[in-house]
Chemist: 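Take a look at this one; I'll ask things after.
Since the structure is predicted, the reported quantities are computational estimates derived from the model, not experimental observations.
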Amino acid sequence: MITAKRNGEADMVVHRQAFSSGNVLADLPATPGTNELIQVLASHAGNGVKIERIVSHGHATPLYEWYDQTRHEWVMVVQGEAIIAFDNERDDLHLRAGDYVDIPAHCRHRVAWTLPDTDTVWLAVFY
């Protein structure tokens, strides 16, 4: 916090926030690991928003496991390709670079497939 005077007026308070910046395609792992790489890029405990970068390389959720999250998830494929399967009547969704989907809370889903020979980079927003 900074306190300043301007032209003899009363003190005004300026709140200085920390900024972060980067590139979601920078610093990708040189070799794929056994698990996806998940990095929190930003979060806010007060409103429950979290933004993650996820890097997959041939990864998939185990066949009979499902994500059943308490928050909505907006997810976009920035690079690569993936297929998301849903545990209902909805067809699987094939996402390519630039495609996104907004998944409601408690909509059971899983990553059925990602490209095996290159990185699939996701941007996920939980809210």
Side-chain angles (χ1 to χ4, degrees):
M1 182 169 55
I2 300 171
T3 303
K5 285 191 175 196
R6 182 176 58 177
N7 298 330
E9 297 175 7
D11 289 347
M12 57 180 203
V13 177
V14 177
H15 293 277
R16 180 176 284 179
Q17 297 181 2
F19 291 94
S20 64
S21 65
N23 184 310
V24 296
L25 297 176
D27 301 321
L28 296 176
T31 58
T34 56
N35 296 316
E36 292 180 308
L37 173 66
I38 300 173
Q39 297 172 296
V40 176
L41 301 178
S43 65
H44 189 279
N47 61 20
V49 172
K50 179 171 64 169
I51 302 170
E52 293 179 345
R53 176 181 85 161
I54 304 166
V55 181
S56 306
H57 196 108
H59 294 97
T61 309
L63 190 56
Y64 296 104
E65 291 184 23
W66 299 94
Y67 293 108
D68 185 355
Q69 300 163 163
T70 58
R71 293 184 284 177
H72 305 299
E73 178 183 6
W74 180 93
V75 64
M76 179 177 87
V77 170
V78 177
Q79 169 185 297
E81 294 183 37
I83 295 176
I84 298 178
F86 297 90
D87 185 27
N88 59 22
E89 298 299 317
R90 183 182 176 131
D91 291 336
D92 293 355
L93 188 59
H94 189 159
L95 300 172
R96 293 170 181 84
D99 293 338
Y100 68 89
V101 60
D102 193 15
I103 304 169
H106 298 293
C107 176
R108 288 168 39 108
H109 64 284
R110 58 185 290 278
V111 177
W113 172 87
T114 60
L115 285 171
D117 55 352
T118 190
D119 292 324
T120 295
V121 180
W122 311 75
L123 188 61
V125 179
F126 300 90
Y127 65 101

Chemist: Please name all residues satisfying ring-ring contact (aromatic ring centres under 6.0 Å, His included) with H106, sequence neighbours left out, ordered by chain then number.
Modeler: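 Not a single residue meets the ring-ring contact (aromatic ring centres under 6.0 Å, His included) criterion with H106.
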Chemist: Where do R110 and E65 land on the side-chain contact (heavy atoms from CB on, under 4.5 Å) test, with the steps shown first?
Modeler: CA-CA 7 Å; R110 58 185 290 278; E65 291 184 23; over 6 Å; no
Chemist: Within this structure, what is the CZ-OH distance for the pair F86 and Y67, rounded to the nearest 0.5 Å?
Modeler: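 Separation between the atoms: 13.0 Å.
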Chemist: Please round to the nearest 0.5 Å and tell me the distance separating atom NE2 of H57 and atom CG of D117.
Modeler: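 CG of D117 is found 6.5 Å from NE2 of H57.
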Chemist: What distance separates H109 NE2 from E73 CD, expressed to the nearest 0.5 Å?
Modeler: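 With rounding to 0.5 Å, NE2 (H109) is 4.5 Å from CD (E73).
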Chemist: Is there a path of hydrophobic side-chain contacts, each under 4.5 Å between heavy atoms of I/L/V/M/F/W/Y residues, joining V111 to V77?
Modeler: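 Yes, V77 and V111 fall within the same hydrophobic cluster.
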Chemist: Which Ile, Leu, Val, Met, Phe, Trp or Tyr residues join Y127 in one cluster when any pair of side-chain heavy atoms under 4.5 Å counts as a link?
Modeler: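 Besides Y127, the cluster holds V24, L25, L28, L37, L41, V49, I51, V55, W74, M76, V78, Y100, V121, L123, V125.
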Chemist: Could you list the residues that satisfy side-chain hydrogen bond (donor to acceptor under 3.5 Å, both in side chains) with D87, not counting sequence neighbours?
Modeler: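 D87 satisfies side-chain hydrogen bond (donor to acceptor under 3.5 Å, both in side chains) with R108 only.
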Chemist: Minimum heavy-atom separation for A60 and A112, please, with both atom names.
Modeler: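 So the two residues come closest at CB-O, 3.5 Å.
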Chemist: After noting the C-alpha distance and the side-chain angles of W113 and D92, does the key distance pass the side-chain contact (heavy atoms from CB on, under 4.5 Å) rule?
Modeler: CA-CA 10 Å; W113 172 87; D92 293 355; over 6 Å; no
Chemist: Step by step, would you call W122 with L95 a side-chain contact (heavy atoms from CB on, under 4.5 Å)?
Modeler: CA-CA 10 Å; W122 311 75; L95 300 172; 4.1 Å; yes
Chemist: With the side chain counted from C-beta on, respond yes when I84 and V75 share a heavy-atom pair under 4.5 Å apart, and no when they do not.
Modeler: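 Yes; the side chains approach each other to less than 4.5 Å.
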Chemist: For residues P104 and H72, report the shortest heavy-atom separation together with the two atoms involved.
Modeler: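 Looking at all heavy atoms of both residues, the shortest contact is CA-ND1, 3.4 Å.
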Chemist: Listing request: all side-chain hydrogen bond (donor to acceptor under 3.5 Å, both in side chains) pairs with a residue in residues 21-37, at least two apart in sequence or in separate chains.
Modeler: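 As it turns out, the side-chain hydrogen bond (donor to acceptor under 3.5 Å, both in side chains) pairs with a partner in residues 21-37, which skip direct neighbours, are E36-S56.
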Chemist: Give a yes or no on whether the backbone of A82 and the side-chain of T114 come within a donor-acceptor separation of less than 3.5 Å.
Modeler: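 The answer is no, because no donor-acceptor pair under 3.5 Å joins these two groups.
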Chemist: Can you name the residues that form a side-chain hydrogen bond (donor to acceptor under 3.5 Å, both in side chains) with H59, not counting sequence neighbours?
Modeler: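 If we apply the side-chain hydrogen bond (donor to acceptor under 3.5 Å, both in side chains) test to H59, skipping adjacent residues, there are no hits.
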Chemist: Partners of Q79 by side-chain hydrogen bond (donor to acceptor under 3.5 Å, both in side chains), sequence neighbours excluded?
Modeler: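 For Q79, no residue satisfies side-chain hydrogen bond (donor to acceptor under 3.5 Å, both in side chains) once neighbours in sequence are set aside.
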